[in-house]
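Structure first, then comments.
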Amino acid sequence: MRNTRMKLGGLIVSLSALTALVMLASSFYASYDVHRSLLINNTLESNHAYAAKLAGSAEIYFRSAIQQLGFSARLQGRSFDNQGFLKQEAERLLEQTASFNSVAVVDKDGIVRAIAPATLDLLGQKLESDGSRIALHSRTPVVSSPYLSAAHNLVVFISHPIINSEGSFLGYVGGTLYLKQDNILQQLLSNHFYSDGSYLYVVDRNRRLLYHPDSSRIGSVVGSNALIDRMANESDGKQRVINSKGLDMLAGFATAQSVGWGVVAQRPVDVTLQPLNRLLLDVILKTMPFAIFSFAFIWWIARRISLPLRQMAQGAQRMNESATQERIAKVSAWYFESLELKRAMLLGLRLIHERIGELRQEVQTDPLTGLSNRRGLDLMLKHCEIKSSPFSVIALDIDHFKCVNDTYGHDIGDLVLRELAQLIQECSRSADFPCRTGGEEFLILLPKTSVETAEMVAERLRRVVEEAFMPGAGRITISLGVAYWSGIHGNAAGALKAADEALYDAKKSGRNRVQVSVSSGAWVYPVEC
């Protein structure tokens, strides 16, 4: 009787083949699902960032427009009775930057004193529009809500009051945007239209469409929409929604706070996933011949399959070691899953290291001046001590800085600190290490620099600061102390202490001077104040 039972070798091959098929299918599904989620999340985040950028651009436009009108209003406040000048200003505002579709100068009674373009034929007439009433009532810079003009144009009115030298309200100067016609805001938004089904639109607080690729929809009110409902309570975010045509979309939104306009950027889910579907099909087609061939060598490749995974798992257990990334890069990931896992691990490690580097940079940087802080200085000192590298050090602070804060306020004091930091950087050489050690105290480390050279650098900086004009505070002076460390005797911290003592001596000697530490064998530069 013929033995029909499967041999152990065949059973192992069959079981291995079945296991391989199940694992392969599982890995494809897991990879697809992870990449699908990543694509969706990345697209949502990208659209959110994109909408936020456009909302920010709109904010910049409105601030710029109000600034233009404000400048013109100040000029008109001095010559409001000069009809020719008012006309000239209206035409300049219209033609100079293309910020407005029309410009009007209106007196406090609502009568048009100047209009551009002149074809509007409103000169001498009383404006009764919503924008005019708001401008006359508020008497402050204002951006109106969109409204229908007398000519049935959907418009936004931006205005600025005109005040004379006595502080009296004379009227306002205003610019109009026709939302259905070409203007700078329309160009800003229309330049971002895509051909793959992605698009953006803008709505106001009343759910009225202010911009849409389909211009016929501008001015219409959006009905039921989960995303716009959410925008009423949140200034920005991202969400997967079904649009008015029933398409599954990935949307991000942000709000231009000053006007309450919501910018929505969205992309179809199908378009987002198309590259992934093609990639998955390509991977399957390219993997199948290799998988079929590999079944004949299942016992031989079992160890090879587990080897890279074991190596990467060992690397995962040592994620905190600096050599882990190099070890993982050397792993021979010869099949798809291990290769993808290796790439993911290397990418994750790289991102972690980059983030750690960014955090270290933030920790070592003074947020007000952008110079290094005490932590950065400590690291530099440790490096010099380890290398036994000599350096000179300049300690400095602002003379009578408390008077600056008490007289002009802490905002001006912060501005003075930033300006001083800029001067320090300009006077420092490329190899020098300037930092802010606290309050108005600064320090410059000059690697491999003699005390004589450091003294000249300090004196040059003192003169530059003395001659500089600090916005809001006028002129200030600084006192400086210089010291030197040979890299052999004592320690680096001792040089800092010597520089501080020299700085203290400079202040006792009358301020606005350079004092070299006595231990460095130097002298004082007297200064006539």
Side-chain angles (χ1 to χ4, degrees), residues 58-77 80 86-87 89-163 169-186 188-189 202-211 218-221 255-262:
E59 289 276 10
I60 292 173
Y61 160 74
F62 283 115
R63 286 199 298 269
S64 175
I66 289 176
Q67 186 176 6
Q68 292 179 56
L69 293 173
F71 178 77
S72 179
R74 288 192 295 274
L75 296 178
Q76 294 179 51
F80 199 69
L86 299 184
K87 178 183 177 182
E89 273 299 289
E91 292 174 347
R92 181 185 66 81
L93 287 171
L94 179 66
E95 298 175 6
Q96 186 175 36
T97 61
S99 296
F100 313 104
N101 292 104
S102 64
V103 176
V105 179
V106 181
D107 65 18
K108 63 182 179 180
D109 298 319
I111 304 301
V112 178
R113 298 286 300 278
I115 189 76
T119 54
L120 292 178
D121 197 24
L122 294 175
L123 190 64
Q125 297 186 29
K126 184 173 183 178
L127 288 185
E128 300 288 350
S129 65
D130 293 346
S132 179
R133 286 195 293 270
I134 293 173
L136 290 173
H137 177 73
S138 66
R139 297 190 177 187
T140 59
V142 64
V143 179
S144 75
S145 299
Y147 63 91
L148 286 175
S149 68
H152 298 286
N153 291 317
L154 184 62
V155 302
V156 171
F157 192 63
I158 308 171
S159 62
H160 195 287
I162 300 173
I163 309 295
F169 176 72
L170 303 179
Y172 66 85
V173 56
T176 304
L177 287 178
Y178 297 166
L179 295 180
K180 291 188 177 183
Q181 295 185 19
D182 184 45
N183 54 62
I184 192 170
L185 188 60
Q186 187 79 225
L188 172 69
L189 298 173
V202 180
V203 295
D204 65 5
R205 294 187 180 95
N206 299 318
R207 307 170 72 100
R208 187 193 298 271
L209 280 172
L210 307 181
Y211 173 78
I218 296 177
S220 63
V221 177
T255 303
Q257 296 292 341
S258 63
V259 292
W261 292 9

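Values below: all heavy atoms of this structure, side chains included; hydrogens, waters and symmetry mates excluded.
- For Ser220, the side chain to side chain contact (heavy atoms under 4.5 Å, CB included) partners two or more places apart in sequence, or in a different chain, are Leu209, Arg217.
- Between Ser159 and Pro141 the shortest side-chain heavy-atom distance does not fall below 4.5 Å.
- Judged as a side chain to side chain contact (heavy atoms under 4.5 Å, CB included), and not counting sequence neighbours, the contacts of Val259 are Phe62, Val143, Ala256, Trp261.
- When each of Val156, Ile218, Asp204 is checked for a side-chain contact (heavy atoms from CB on, under 4.5 Å) with Leu210, only Asp204 meets the rule.
- A donor-acceptor pair under 3.5 Å is absent between the side-chain atoms of Ser144 and the main chain of Gly131, judged by distance alone.
- Within the structure, salt bridge (charged side-chain N to carboxylate O under 4.0 Å, His left out) pairs that include any residue of residues 118-133 comprise Asp130-Arg133 (at least two apart or interchain).
- Considering CG of Leu127 and OH of Tyr172, their distance stands at 5.0 Å, rounded to 0.5 Å.
- Distance check: Ile115 CD1 to Leu86 CG gives 12.0 Å after rounding to the nearest 0.5 Å.
- Leu148 contributes atom CG, which lies 5.5 Å from atom CZ of Arg208 (distance to the nearest 0.5 angstrom).
- Listed by chain and number, the residues in a ring pair (Phe, Tyr, Trp, His ring centres under 6.0 Å) with Phe100 amount to none (sequence neighbours excluded).
- Going from atom CD1 of Ile60 over to atom CD of Gln67 covers 12.0 Å, rounded to the nearest 0.5 Å.
- The closest side-chain heavy-atom distance from Ile158 to Tyr61 is below 4.5 Å.
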For a quick test of your reading: what N or O donor-acceptor pairs under 3.5 Å do the side chains of residues 105-114 make, sequence neighbours left out?
unit_1, atom_1, unit_2, atom_2, d
Asp107, OD1, Asp109, N, 3.0
Asp107, OD1, Gly110, N, 3.1
Asp107, OD1, Ile111, N, 2.8
Arg113, NH2, Phe80, O, 3.0

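- Taken from CG in Leu154 to CG in Leu179, the straight-line distance is 4.5 Å, to the nearest 0.5 Å.
- Residues Ile162 and Ala73 approach most closely at CG2-O, 3.7 Å, considering heavy atoms.
- For the side-chain hydrogen bond (donor to acceptor under 3.5 Å, both in side chains) test, residues two or more places apart in sequence or in another chain that qualify with Asn101 are Asn183.
- Inter-residue side-chain proximity for Leu136 and Phe169 is flagged as met; some heavy-atom pair is nearer than 4.5 Å.
- Annotation for Phe71: atom CZ does not count as buried by contact number, only 12 or fewer foreign heavy atoms lying within 6.0 Å.
- When the salt bridge (charged side-chain N to carboxylate O under 4.0 Å, His left out) test is applied to Arg74, no partner is found at least two apart in sequence or on another chain.
- Not counting sequence neighbours, the partners of Leu94 by the side chain to side chain contact (heavy atoms under 4.5 Å, CB included) test are Val103, Ala116, Pro117.
- Arg92 is linked by a salt bridge (charged side-chain N to carboxylate O under 4.0 Å, His left out) to Glu89, counting only residues two or more places apart in sequence or in another chain.
- Residues forming a side-chain hydrogen bond (donor to acceptor under 3.5 Å, both in side chains) with Glu59 (at least two apart in sequence, or on another chain): Ser258.
- Qualifying salt bridge (charged side-chain N to carboxylate O under 4.0 Å, His left out) partners for Arg139, counting only residues two or more places apart in sequence or in other chains: none.
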